[in-house]
Structure formats: structure tokens, C-alpha cells
Protein chains: 2
Amino acid sequence: MFSLRLQGGLPLSEQLEARIAELIISGEMAENEKLPAVREVAKELTINPNTVQKTYRQLEQRGLIYSLPGKGSYVAERSQYSSAVLKRATEEFSRAVGDAAKSGLTKEIMTAVIDAVINKEGEI
Amino acid sequence: MFSLRLQGGLPLSEQLEARIAELIISGEMAENEKLPAVREVAKELTINPNTVQKTYRQLEQRGLIYSLPGKGSYVAERSQYSSAVLKRATEEFSRAVGDAAKSGLTKEIMTAVIDAVINKEGEI
DNA sequence: TAACTGTACTATTCTTATTAGTACAGTTAT
DNA sequence: ATAACTGTACTAATAAGAATAGTACAGTTA
């Protein structure tokens with residue numbers, strides 16, 4: 001089961017969605033790998049099954065998972081959601097760039113930040 | 001008075017804060033320019049004076065405005081908040097870059113997005 | 001059949017944002 | 001001095017949304 005520290009003011013379902021999406025996109029969860037059952041996650045995290053179900057529903061709408069009633073929920077194949085993920089990420093990043101520009105961040109500063117973050121990501 | 005279309009799920013006070021901050025940072029509101037009175041804004045936007053006051057309080061904490069009890073609230077001088085604004089913007093942008101990277105956006109794509117957004121910003 | 005799975009509801013509780021109302025002190029102009 | 005502003009600081013009530021609780025149904029698997 002995935003560990004998860006729920007915190008912050010964000011809705012639980014969104015926090016859980018973000019975490020699972022991260023696991024899927026990063027590849028930590030393999031294609032067609034079975035997700036833990038709704039009730040199991042709820043029990044583990046001591047939250048309500050409805051909250052988990054909501055998360056699964058949203059992930060399915062994003063194309064990250066698919067659900068087989070009676071069987072379970074599974075990680076979708078990359079080809080199914082890859083372009084959607086990139087589109088979503090690009091849109092969000094565009095908005096972030098616009099916000100940064102409004103605050104006076106120059107293109108040079110932004111590229112410097114990107115380098116710094118990318119390098120940090122690559123660390124062990 | 002500033003126009004403002006309140007929408008979205010975000011708290012009113014935060015929406016208002018973001019809008020006024022934008023006006024100040026962009027220079028649309030000059031240094032030491034007087035902001036409309038709390039009660040006036042509330043009346044104009046048909047929201048509660050307390051909500052506006054909360055907004056002003058938060059803007060003052062960020063150093064974007066200063067309030068003189070009995071006189072009014074005014075746009076702070078750039079030298080007062082400039083570095084704080086850049087720091088905040090850089091932090092938020094770093095987070096955005098990290099999120100984008102997690103979704104698979106490459107450095108090249110990010111810089112391309114920056115160029116696109118910056119050029120669009122410059123348009124008339 | 002028993003035990004699992006996802007899904008779909010309704011009702012209730014909790015939390016938080018927002019509203020409503022009042023009050024006080026400083027400023028400004030009449 | 002007075003009237004009309006200003007920001008500020010509260011408490012109480014309301015509204016909205018998230019989360020919980022509970023139940024039910026249908027498909028799958030051993």
C-alpha cells in the first residue's frame with residue numbers, strides 16, 4: 001500500500017489523487033498494476049470509503065486508471081493518458097509562468113530556477 | 001475603483017488579495033496611491049466589509065500596502081516589498097517547475113513555454 | 001455460497017468561509 | 001466641536017463545502 005501523509009488545507013480526495021497520480025506518472029506503479037481496493041485504502045488511511053471512491057473516480061476521468069466493477073481498479077497504460085498528462089502539465093506550467101512574469105521574474109531567472117530544480121531532482 | 005469578477009472556488013478574500021496584488025506589482029497602482037476604503041470596496045463588490053478588511057490585512061503583512069488608522073490604506077513603495085515579492089514568486093515558480101518535471105515536462109519544453117508566454121505577454 | 005470488488009445513493013456531522021452587527025479610536029473638513 | 005470619514009477589533013449567526021456514516025446493488029472470484 002502507498003504511504004501518505006495527509007495534511008494541509010486541501011481536500012483529502014485531492015491530496016490522495018495527487019499522490020496516486022504522482023506514483024503512476026513517475027512509474028512507481030506499473031501499467032495494469034492493481035490498485036488497493038477502495039475499502040482497503042480507506043481503512044489504512046482511516047478515512048471514509050466515499051472519499052477514496054471520489055479519488056478513484058477523478059483518476060479514472062483523467063485516464064490514469066481504469067476500473068472493472070467486481071474486479072478492481074488498475075493503472076492505465078501510458079499510451080492512454082500520456083498526451084493528456086503532458087497537456088495538463090503544460091497548461092499548469094503556462095499559468096505558473098504567467099504568474100511569475102507578473103511578479104517580475106525575468107526569463108533568465110526562470111531558466112535558472114529550472115536548472116536548479118532539475119539538477120536537484122537528479123540527485124541521489 | 002478596481003473592477004473584479006469574483007468567481008471560482010477560492011475564498012473571496014484571497015481572490016481580492018490576488019487581484020489587488022496584481023495591480024500593485026504591475027504598477028497599475030502607483031506608490032503611495034490611496035486604496036478605496038474598506039467599506040467602499042465592500043459596497044461596490046457587494047461583499048462583507050470584514051472580507052475586505054481581511055484582504056487589506058493580508059496585503060499589509062506581505063508589505064504591499066500600509067494602513068494609517070483614520071486616514072486610509074496606501075500602496076507601499078517598491079523598495080519596501082520588491083525583494084519579498086521576488087522571493088515569493090521564485091518559491092512558487094520552483095514548486096511549479098517541480099510539478100511540471102514530475103509530469104514529464106522536459107527542460108526544453110519548459111523554456112519553450114516560457115518563451116511563448118513571455119512573447120504573448122508582450123503583445124498589444 | 002461466501003467474500004471480495006466497484007458503484008451509487010441519502011443523511012448527518014464538521015469545518016471553514018462568509019456574513020451580520022457593533023464598537024472604538026484616529027483623521028479631516030466644516 | 002461636530003459630522004463624516006478612516007482602519008481596526010471583536011462576537012455571533014449563517015452558508016457552503018468536505019468528510020463521514022450507513023446502506024444497497026451488481027459483477028467477480030475461489
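Numbers restart at 1 for each chain; the letters A, B, ... are given by sequence-line order, proteins then strands.
At least one side-chain heavy atom of B:E77 sits less than 4.5 Å from a side-chain heavy atom of B:N32.
With rounding to whole Å, B:Y74 atom OH is found 17 Å from C:dG26 atom P. For the pair A:R57 CZ and C:dG6 C1', the computed distance is 11 Å after rounding to whole Å. Between B:K54 atom NZ and D:dA9 atom P the separation is 14 Å, expressed in whole Å. The OH-P distance, from B:Y56 to D:dG7, rounds to 7 Å in whole Å. Following rounding to the nearest Å, B:L35 (CG) and D:dT8 (P) show an atom-to-atom distance of 11 Å. Rounded to a whole Å, the CD atom of B:Q58 is 16 Å from the C1' atom of D:dG7. In this structure, CG of A:N48 is placed 9 Å from C1' of D:dG22, rounded to the nearest angstrom. Atoms CD (A:E40) and C1' (C:dG6) sit 14 Å apart, rounded to a whole Å.
A salt bridge links A:R62 with A:E17: the distance from a Lys NZ or Arg NE/NH1/NH2 to an Asp or Glu carboxylate oxygen falls below 4.0 Å.
Residue B:K34 qualifies as enclosed at atom NZ: its count of foreign heavy atoms under 6.0 Å is above 12.
Remark: C:dT13 base-pairs with D:dA18. Criterion, Watson-Crick or G-U wobble with two distances under 3.5 Å. Under the Watson-Crick and G-U wobble criteria, each requiring two contacts below 3.5 Å, nucleotide D:dT28 is paired to C:dA3.
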Pairs: protein N or O with nucleotides 9-15 of chain C N or O, under 3.5 Å:
unit_1: C:dC9; atom_1: N4; unit_2: A:N50; atom_2: OD1; d: 3.2

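Each of A:G70 and A:P11 was assigned the nucleotide of DNA chain D with the nearest heavy atom; the assignment lying further toward the 5' end belongs to A:P11.
For A:K71, a side-chain nitrogen or oxygen approaches OP1 or OP2 of D:dT29 to under 4.0 Å. The phosphate of D:dT6 (OP1 or OP2) has no side-chain N or O of B:S67 nearer than 4.0 angstrom. Using a 4.0 Å cut-off, some side-chain N or O of A:T51 falls inside it from OP1 or OP2 of D:dT20. Taking only side-chain nitrogens and oxygens, A:S73 comes nearer than 4.0 Å to OP1 or OP2 of C:dG6.
The B:R39 side chain lies nearest to D:dT8 when the options are D:dT20, D:dT8, C:dG6.
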Expected list for residues 82-93 of chain B: side-chain donor-acceptor pairs under 3.5 angstrom, two or more places apart:
unit_1: B:T90; atom_1: OG1; unit_2: B:L86; atom_2: O; d: 2.7

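Of the possible donor and acceptor atoms, none in the side chain of A:Q80 sits under 3.5 Å from a partner among the backbone N and O of A:L64. A donor-acceptor pair under 3.5 Å is absent between the side-chain atoms of A:T51 and the main chain of A:S13, judged by distance alone.
Across all strands shown, B:E60 has heavy atoms under 4.0 Å from sugar-phosphate atoms exclusively, and none from any base.
Closest approach of A:K102 to B:I25, counting heavy atoms only: O-CG2, 3.0 Å.
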